[in-house]
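A quick write-up on the structure given underneath.
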Amino acid sequence: MLEGQYDHKKIEPYWSEKFAEIFRANPDTPKKKFCITIPPPNITGSLHIGHALNMTIQDVISRYKRMQGFEVLWVPGTDHAGIATQHVVSRELEKKGMKRENLGREEFLKFVDEWREYSQKRIMEQMKKLCLSVDWSANRFTLDEGYRKAVAKAFAELYKRGFIYQGDYIVNWCPSCKTALSDLEVEFSEENGKLYYILYPFEKGLREGIYVATTRPETLLGDTAVAVHPEDKRYKDVNEVFVPLVWRKVKVIRDEKVDMNFGTGAVKITPFHDFADFEIAREHKLEGIKIMNEDGVITYGDYEGLDRFVARKKIVEDLEKLGLLQKIEDYKIRIGKCYRCKTIVEPLVSKQWFLKMKELSQKAIEVVETNKVKFLADQWKNLYLSWMRNVRDWCISRQIWWGHQIPVSTCKECGEKFLNYDGEQEWNSCPKCGSEKSEREKDVLDTWFSSALWPFAVLGWPEQTKKLKAFYPTDVLVTGFDIIFFWVARMIVMGLFFTEEVPFRKVYVHGLIRDEKGQKMSKTKGNVLDPLDLIEKYGSDSLRFSLCVLSSQIKDIKLSEKTIESYYHFMNKIWNAAKFVIMNVENPKKNFQPKTLPQMWILAKLSSCIEKAKEYFEDYKINQAAMEIYEFFWNDFCDWYIEISKVEMQDDKISQSAKNTLFFVLETSLRILHPFCPAITSHIWDEMRGKYDIESESEFLSYAPFPDFEYKEETCLEFGEKLISVAKEIRSIKDEVGFKVSDKVQAKVLTGDDKELKRALEENIKWLEKLSGANIDIIEGEEVPEGFIPSSGKGVVVAISSEGAKLKESIQKMGKELAETEKEFDRVKKRLSNTDFLEKADTEVIQEHKKRLEELGIRIEFLKKRIEILSKFANK
RNA sequence: AGGCGGAUAGCUCAGAGGUAGAGCGUUGGCCUUACAAGCCAAAGGUCGAGGGUUCGAGUCCCUCUCCGCCUACCA
């Protein structure tokens with residue numbers, strides 16, 4: 001017996017704990033396998049609403065597949081998030097007055113590990129509250145023991161086969177985090193800057209030369225050339241100029257990349273502090289000069305020791321003094337900032353480790369082109385491909401402490417670099433000279449290097465575990481589009497390289513969650529919706545259902561609390577419908593035959609709901625599946641069948657079959673609803689198992705089969721709808737002429753010469769009268785009896801006694817409808833007299849139009865009549 | 001600058017060659033014994049603009065406008 005009102009707080013704590021225990025995938029079962037690996041959340045903070053969406057989608061898919069009979073493994077886990085975590089922990093320590101640098105690597109990592117434990121615990125608690133069906137025994141971390149082996153193995157393989165190299169290269173450098181960043185870790189924004197026009201004279205002291213425009217004047221310290229376009233006539237005869245202030249004589253080179261129309265058409269070249277210049281310098285074999293250190297402090301000439309921005313000011317001043325500064329213009333510049341600490345990134349040449357991507361990416365492009373990895377929705381495929389086709393080498397080293405240390409040592413004796421760990425064995429001695437004295441690389445690997453191994457590493461790779469054999473390749477990856485490059489692409493590359501299989505067959509890409517105005521949620525704006533607050537307030541079932549309905553593979557999601565509240569109402573509806581059924585049904589029979597039209601109708605509706613829901617699930621259209629069941633449950637089951645059943649249960653002959661129907665529809669609905677709102681459905685199902693004899697292999701709804709009930713009765717659907725429309729018509733005309741719902745009126749239902757309709761009406765008269773609040777006479781023919789007002793509906797004609805009626809609406813409205821209907825009639829008629837249409841359109845379509853024309857004709861006659869009757873009535 | 005996406009009821013969105021849909025909101029009426037977190041009824045739309053294909057276009061094609069996102073070495 002369900003007690004009292006729906007209260008998620010009484011249900012969810014129990015089920016969230018239960019769900020954490022009962023999902024343990026068995027690789028040995030003969031069942032078909034289904035596997036999802038979670039995009040592991042960072043251990044930097046708590047989960048936000050985007051995580052809730054991401055995880056809910058995965059859970060709905062997992063639960064559906066599980067109920068479809070698959071052995072489902074959904075692997076949870078967390079990501080160590082190198083830079084981000086190091087940053088967060090450093091800040092925490094600073095609050096306590098401690099500095100990372102003073103602690104030293106080992107001590108610092110102890111603190112990080114404490115943080116990790118704390119954070120993982122918190123994330124796990126949050127995930128539990130979402131009622132997810134993950135297998136917690138499979139929980140992984142990108143820096144756990146097994147993962148260390150996997151990463152070392154991966155690095156060693158790539159290294160041995162020549163895909164990893166170390167080199168001096170220009171990278172994005174964060175002077176605050178003091179590490180290299182990959183292209184993807186830099187956020188660009190348009191900002192107000194200046195464009196400085198500086199004279200590079202032909203001779204020191206001379207006021208003649210080339211004007212060069214730059215946004216970063218301080219870099220002139222490292223200039224080793226000036227470039228102009230080969231066809232730029234202005235500079236045809238200029239071959240050398242002096243870099244001002246440092247008075248270095250540099251060549252004027254010709255390069256087609258220079259835009260003649262921008263600025264002065266001449267570009268200064270600073271190979272070691274600018275990406276484009278680095279490229280040009282390579283092609284022209286120019287030297288570079290490093291003028292800045294890793295703190296962003298100038299290390300060159302008179303400006304040594306000055307911060308880069310202080311130096312800029314000073315240099316501009318000095319140029320001005322010398323009259324070498326022509327002008328300064330306001331200019332919009334693209335500024336790159338560290339995605340983590342927002343410090344302005346400095347392009348800097350340094351020694352880094354790189355992964356060669358070109359060759360590795362070939363297969364990864366192929367599998368997506370041929371849909372071996374299929375993106376949902378399709379358009380993300382293009383985004384992926386365009387990035388992959390222009391992929392650049394990936395800088396995989398990071399100058400931080402928290403992460404997978406690069407397993408390479410350098411021999412102190414002979415300088416040989418060698419692998420010191422391949423996932424199985426460790427070495428100290430130099431393979432070349434045998435010396436035991438070597439130094440380990442200090443750098444760690446980019447976090448995404450380890451994340452790229454996720455789908456197979458979490459299943460035990462490089463060991464050929466049972467799990468790996470049973471569940472790999474995984475089935476679907478669910479993620480936001482913002483990490484298609486960061487993560488998805490790299491997983492595909494690594495998966496193909498190490499396992500020779502795609503890591504997943506489908507990539508479900510969902511949008512980002514925004515606030516109700518469409519703005520990005522951020523703590524500073526104060527518009528964040530915290531999933532835990534929402535769960536506290538509305539329950540995880542309501543939150544989950546909302547996220548499912550709103551989920552879209554294309555658009556971002558605008559979420560407001562109102563939406564969640566409305567689905568809380570739906571949970572309440574489920575609760576109350578269940579309460580009603582359990583209250584009224586004692587001994588439901590299985591394999592029963594429906595006895596009445598409404599029973600057959602609701603079963604046919606249920607059957608069609610199941611069919612559609614399944615289709616949507618198979619296409620991963622979760623929002624539509626959710627809407628389908630929502631509409632069935634509320635509009636068909638609650639609004640109609642439950643109401644009808646109240647009448648049916650009073651008739652001994654059909655009472656039992658009504659109860660059977662109520663029970664069956666509720667129990668089946670719970671199964672369809674379960675993937676979306678597992679807690680409330682599990683709770684109710686449990687209650688039902690206590691009271692009734694439910695056949696199920698499992699004690700949990702989560703493992704009960706998804707319904708495959710089929711009941712296709714077109715006639716029942718048709719007549720069911722017809723009778724319902726009769727009830728609606730009577731309600732409608734009652735309201736229109738001022739009767740209350742509870743007023744019992746006299747009504748006539750006109751059946752024309754439709755014998756079947758007449759019989760159906762007769763058989764269902766009791767509930768029709770109850771639900772419409774009328775005494776109904778069924779009469780043949782089409783003539784509205786004297787003293788009765790016809791309703792305005794388009795189906796079966798119904799009319800109610802005019803006694804006591806007060807006409808509320810004006811008949812103008814009907815005139816408007818009449819005019820519109822006549823217009824529509826003409827349109828259809830015209831189309832039907834069009835020979836092209838008759839020749840080219842499908843016969844079915846033509847038939848439909850003919851039928852429609854007939855109906856419109858009848859409608860017009862009816863409306864005219866109705867206006868006539870109502871005018872008479874109104875004039876009284 | 002290029003690429004992608006969006007534009008449908010007051011709001012949020014679904015749909016997609018053959019009669020414009022839902023939820024929320026609004027208005028009016030109901031405490032009808034599962035549910036007032038509810039029930040009943042109603043109002044509300046030349047489907048962004050223009051052109052084309054078609055017997056027929058929210059739906060397919062082209063152009064444009066506005067909005068969003070992504071990519072790019074214009075210093």
Side-chain angles (χ1 to χ4, degrees), chain A residues 2 5-6 188 195-196 212-216 219 227 257-270 274-280 331 333-334 377 379-380 382-383 386-387 390 481-482 484-485 511-512 514 516 518 549-550 552 554-560 562-563 565-584 621 623-624 627 630-631 635 638-639 642-643 646 728 731-736 738-742 770-773 794 808-809 813 824 827-828 831-832 834-842 844-846 848-849 852 855-856:
Chain A
L2 297 181
Q5 294 203 308
Y6 170 60
F188 288 96
L195 191 58
Y196 303 85
V212 168
T214 180
T215 54
R216 299 177 59 216
T219 60
K257 287 191 211 66
V258 178
D259 182 349
M260 286 192 272
N261 301 317
F262 184 85
T264 60
V267 191
K268 59 196 247 4
I269 302 294
T270 321
D274 184 280
F275 285 93
D277 294 359
F278 187 81
E279 282 302 317
I280 290 181
Y331 188 66
I333 45 173
R334 241 166 67 99
Q379 72 230 28
W380 300 116
N382 297 330
L383 182 70
S386 68
W387 187 73
N390 300 308
F481 64 84
D482 49 332
I484 287 179
F485 310 139
L512 305 175
R514 294 163 178 280
E516 51 203 309
V549 168
L550 294 172
S552 147
I554 299 172
K555 284 182 194 171
D556 286 351
I557 296 170
K558 288 181 199 164
L559 185 69
S560 76
K562 277 225 160 134
T563 312
E565 198 185 334
S566 75
Y567 290 103
Y568 184 76
H569 295 170
F570 182 52
M571 296 306 129
N572 182 52
K573 196 73 183 173
I574 296 171
W575 178 268
N576 279 295
K579 204 160 108 180
F580 175 83
V581 172
I582 293 172
M583 210 182 257
N584 284 288
K621 290 181 178 167
N623 52 341
Q624 295 194 53
M627 278 318 288
Y630 176 96
E631 279 163 17
N635 303 341
C638 293
D639 287 353
I642 285 187
E643 292 306 324
K646 289 176 184 172
K728 287 188 151 203
R731 286 174 181 172
S732 178
I733 182 68
K734 272 176 72 179
D735 190 77
E736 199 177 330
F739 289 110
K740 288 180 183 172
V741 179
S742 50
K770 166 93 189 296
L771 267 60
S772 59
K794 292 176 183 170
K808 285 197 300 188
E809 312 286 332
K813 217 175 68 185
E824 179 71 8
R827 219 173 344 197
V828 176
R831 191 175 289 179
L832 276 167
N834 182 334
T835 46
D836 278 337
F837 174 70
L838 294 172
E839 275 168 29
K840 289 174 186 170
D842 292 345
E844 266 175 41
V845 175
I846 295 171
E848 269 172 37
H849 276 74
R852 187 161 147 66
E855 282 166 0
L856 285 166

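Letters go in sequence order (proteins before strands), and every chain restarts at 1. Worth knowing before you read on, the calculation uses all heavy atoms, side chains too, and leaves out hydrogens, waters and symmetry mates.
- Note on A/Arg831: every side-chain N or O is 4.0 Å or more away from OP1 and OP2 of B/G56.
- Across the protein-nucleic acid pair, A/Leu838 atom CG and B/G18 atom C1' stand 14 Å apart, rounded to whole Å.
- The phosphate of B/G18 has neither OP1 nor OP2 within less than 4.0 Å of any side-chain N or O from A/His849.
- Comparing B/C35, B/A34, B/C74 by their nearest atom to the side chain of A/Asn572 picks out B/C35.
- Donor-acceptor pairing under 3.5 Å, judged by distance alone, is present between the side chain of A/Lys573 and the base of B/C35.
- Whole-Å rounding puts the A/Phe580 CZ to B/A37 P distance at 20 Å.
- In a base pair of the Watson-Crick type (N1 to N3 plus N6-O4 or O6-N4) or a G-U wobble (N1-O2 and O6-N3), with each distance short of 3.5 Å, B/U54 is matched with no nucleotide.
- Within 4.0 Å (heavy atoms only), A/Phe275 reaches no atom of the nucleic acid at all.
- As a whole-Å value, the separation of A/Leu856 CG from B/U19 C1' is 8 Å.
- B/A14 sits 31 Å from B/U53 when the P atoms are compared, rounded to a whole Å.
- A straight line from CZ of A/Arg334 to C1' of B/U71 spans 8 Å, rounded to a whole angstrom.
- Base pairing of B/A22 is made with B/U12, judged by Watson-Crick or G-U wobble geometry with both donor-acceptor distances under 3.5 Å.
- A pairwise comparison of heavy atoms in A/Asn635 and A/Asp639 identifies O-CB, 3.4 Å as the closest pair.
- Rounded to whole Å, the distance from CG on A/Asp277 to P on B/A75 is 11 Å.
- No hydrogens or angles were tested; on distance alone, nothing pairs the side chain of A/Gln624 with the base of B/A22 as donor and acceptor under 3.5 Å.
- Rounded to whole Å, atom C1' of B/G17 lies 15 Å from atom NZ of A/Lys840.
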